[in-house]
Amino acid sequence: MAFPEHIAAVLEQYAVRSDTKAALHDLYVSLGGVVLECFADLAEKITVPAMLTPEDTLGIVPMAIERYLRRNHPLWANDQPTPGFWFPRDLGGRASGMAVPAGVLGGDQRSELTSLLETTVRRIVGESQPIGEGLLIVGRNAHFGGRPETISFDVVARDLDDAIAVGLAAGRQHTIPGSVGETSGSIDMRFGVALLWEVQPNVLKPAGARNRAISGFYRRHRNWHITTLTAGLLWLRQREITTFILRGEALVPTHQVNPEQPIGAEIVRHHNRTVSRVARSLSIDLAAPNETEVETLLATEVMNTALRAHVESGPAHEFLWRVRWHAP
């Protein structure tokens, strides 16, 4: 996919290097037009644009995060949906997904969902533990990497400056900037099926000089994993969506892309412990999928290629749980 013609003409006019244009284009596909705004600001500071290198584009994502939050955070606070931060790659930077406010944790703007969410999370973590106050944002087709038909659940800081600090912190911003961590999955509305395949931090836990600027905020949101997973399950239940959850044992074959950054045994245990804690509080059975459910799952597009291969070749219960709700 190419840049819009007028952008391509400007880059050609200023003799921007081909490898720099390639790096810029990859960002454009992922983030849309804001990338070109940020690049223009960078280029203004350089006398000869032809000297811009791919490394110069590394500052674009932080610039884009701050602009995104300044534009959209006030709208979320007024319960208005906005474009997502990450764009579906198959749309080539032309259109984004959605970031949809679903209520507030803490304060007076609770929705039916966030009221239930707050009660449930408090029951899980206890009275002395923080649950994190902020804006519950549901992302649709707004996950890093641009995979289609994704859903994600974030609690973004209520204060804009806090949200920006979190968005600029060291880590991997996978969903909506401004949240410490998220729960994500895929949904196929044709079949009414969803798979939650990730409970993922967006920022690294503060340690020493790393992320010191958000250490106080992080402590208030350290139960993000419980909060976002609970939010995802409650949201799917409200819509009567048949739901599956990836088992921790499946994280390595389906998520590990860099052998130098392995998914260790502790991550697997933590994932399973989080799912189990939330399931108990919500009166959920984590069951083995039956044959009919596996057939339905395989008819959808909610699994990535690696997970699909494992489910097709081996017992699905080794990789997935089927969520079965019971009355409390």
Side-chain angles (χ1 to χ4, degrees), residues 31 61-62 64-77 79-86 96-107 109-111 113-114 117-118 120-121 125 129-145 150-185 196-206 210-211 213-235 270-271 274 278:
L31 295 172
V61 172
I65 284 174
E66 182 165 355
R67 293 183 188 204
Y68 177 82
L69 286 169
R70 290 196 183 280
R71 290 171 179 171
N72 296 310
H73 191 279
L75 299 176
W76 300 335
D79 202 33
Q80 297 180 49
T82 72
F85 181 67
W86 300 106
S96 74
M98 293 292 293
V100 182
V104 177
L105 280 175
Q109 294 175 269
R110 295 180 182 88
S111 62
L113 174 60
T114 54
L117 174 59
E118 191 168 326
T120 304
V121 175
V125 303
Q129 287 288 314
I131 63 174
E133 295 185 354
L135 310 169
L136 176 63
I137 306 296
V138 180
R140 298 297 303 270
N141 295 329
H143 193 280
F144 170 79
T150 57
I151 50 173
S152 57
F153 302 88
D154 290 89
V155 177
V156 173
R158 295 184 71 176
D159 179 82
L160 174 59
D161 289 338
D162 283 345
I164 291 172
V166 173
L168 299 180
R172 296 175 179 174
Q173 303 289 343
H174 275 196
T175 47
I176 305 299
S179 76
V180 168
E182 45 84 10
T183 291
S184 296
L196 297 178
W197 35 253
E198 178 177 88
V199 184
Q200 168 81 32
N202 282 330
V203 300
L204 297 171
K205 183 178 180 180
R210 185 185 72 190
N211 285 345
I214 66 164
S215 58
F217 178 84
Y218 186 93
R219 285 192 292 272
R220 299 196 302 274
H221 284 253
R222 63 178 178 266
N223 287 308
W224 62 267
H225 52 299
I226 298 291
T227 303
T228 60
L229 177 58
T230 305
L233 288 167
L234 291 173
W235 187 89
H270 184 70
H271 176 91
T274 297
V278 171

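All heavy atoms count here, side chains included; hydrogens, waters and symmetry mates do not. Every value quoted in this text rests on a predicted model; they were computed, and no experiment measured them.
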Exercise. Step by step, would you call Leu135 with His73 a side-chain contact (heavy atoms from CB on, under 4.5 Å)?
Worked result: CA-CA 9 Å; Leu135 310 169; His73 191 279; 3.8 Å; yes

Problem set entry | Pairing residues for Asp154 by the side-chain hydrogen bond (donor to acceptor under 3.5 Å, both in side chains) criterion, not counting sequence neighbours | Thr175, Ser179, Asn202

Problem set entry | Side-chain touch Leu69/Phe85, heavy atoms, less than 4.5 angstrom | no

Exercise. What residues, two or more places apart in sequence or in another chain, satisfy side-chain hydrogen bond (donor to acceptor under 3.5 Å, both in side chains) together with Glu118?
Worked result: Arg110

For this session: Write down the atom of Val138, the atom of Ala102, and the distance for their closest heavy-atom approach.
Result: CG2-CB, 3.9 Å

Seminar exercise, completed: Heavy-atom closest pair (Gly103 atom, Ser111 atom, distance to 0.1 Å) is CA-OG, 3.7 Å

For this session: Not counting sequence neighbours, which residues clear side-chain hydrogen bond (donor to acceptor under 3.5 Å, both in side chains) with Trp86? List them please.
Result: none

For this session: Please lay out, stage by stage, how Phe153 and Leu229 fare under the test side-chain contact (heavy atoms from CB on, under 4.5 Å).
Result: CA-CA 8 Å; Phe153 302 88; Leu229 177 58; over 6 Å; no

For this session: Would you indicate whether the side-chain heavy atoms of Thr227 and Leu117 approach each other to under 4.5 Å?
Result: yes

Exercise. What is the distance from atom CG of Leu234 to atom CG of Leu136, rounded to the nearest 0.5 Å?
Worked result: 10.0 Å

Exercise. Any side-chain heavy-atom pair from Gln129 and Arg222 closer than 4.5 angstrom?
Worked result: yes

Exercise. Do Thr114 side-chain atoms and Val104 backbone N/O form a donor-acceptor pair below 3.5 Å?
Worked result: yes

Problem set entry | From Ile226 atom CD1 to Thr120 atom OG1, the distance as rounded to the nearest 0.5 Å | 11.5 Å

For this session: Would you check if Val203 and His221 make a side-chain contact, meaning some heavy-atom pair closer than 4.5 Å?
Result: no

Exercise. So Thr228 and Thr183, side chain to side chain donor-acceptor pair (under 3.5 Å) or not? Walk me through it.
Worked result: CA-CA 5 Å; Thr228 60; Thr183 291; 2.8 Å; yes

Exercise. For Ile137 and Pro101, which heavy atoms make the closest approach, and how far apart are they?
Worked result: CD1-CA, 3.9 Å

For this session: Would you confirm whether Asp159, through its side chain, and Asp162, through its main-chain N or O, come within 3.5 Å as a donor-acceptor pair?
Result: yes

Exercise. Taking the side chain as C-beta and beyond, is there a heavy-atom pair between Leu233 and Leu196 under 4.5 Å?
Worked result: yes

Seminar exercise, completed: For Leu105 and Gly132, the nearest pair of non-hydrogen atoms, with its separation, is CD1-O, 3.5 Å

Problem set entry | Donor-acceptor pair, side chain of Tyr68 and main chain of Pro83, under 3.5 angstrom | yes

Exercise. Any idea which heavy atoms bring Tyr218 and Pro206 closest together, and the distance?
Worked result: CG-CD, 3.5 Å

Exercise. Less than 4.5 Å apart, any side-chain heavy atom of Trp76 and any of Thr82?
Worked result: yes

Exercise. Is there a donor-acceptor pair closer than 3.5 Å between any side-chain N or O of Arg70 and the backbone N or O of Arg67?
Worked result: no

Problem set entry | Gln173 side chain near Phe144 side chain, heavy-atom distance below 4.5 Å | no

Problem set entry | Side-chain heavy atoms of His225 within contact of His271, under 4.5 Å | no

Exercise. In Å and rounded to the nearest 0.5 Å, what is the CD1 to CE distance from Ile176 to Met98?
Worked result: 10.0 Å

Problem set entry | Heavy-atom pair with the smallest gap, counting every atom of Pro62 and Leu168 | O-CD2, 3.4 Å

For this session: Answer yes or no: is there a donor N or O on one side and an acceptor on the other, between the side chain of Asn211 and the main chain of Ala170, under 3.5 Å?
Result: yes

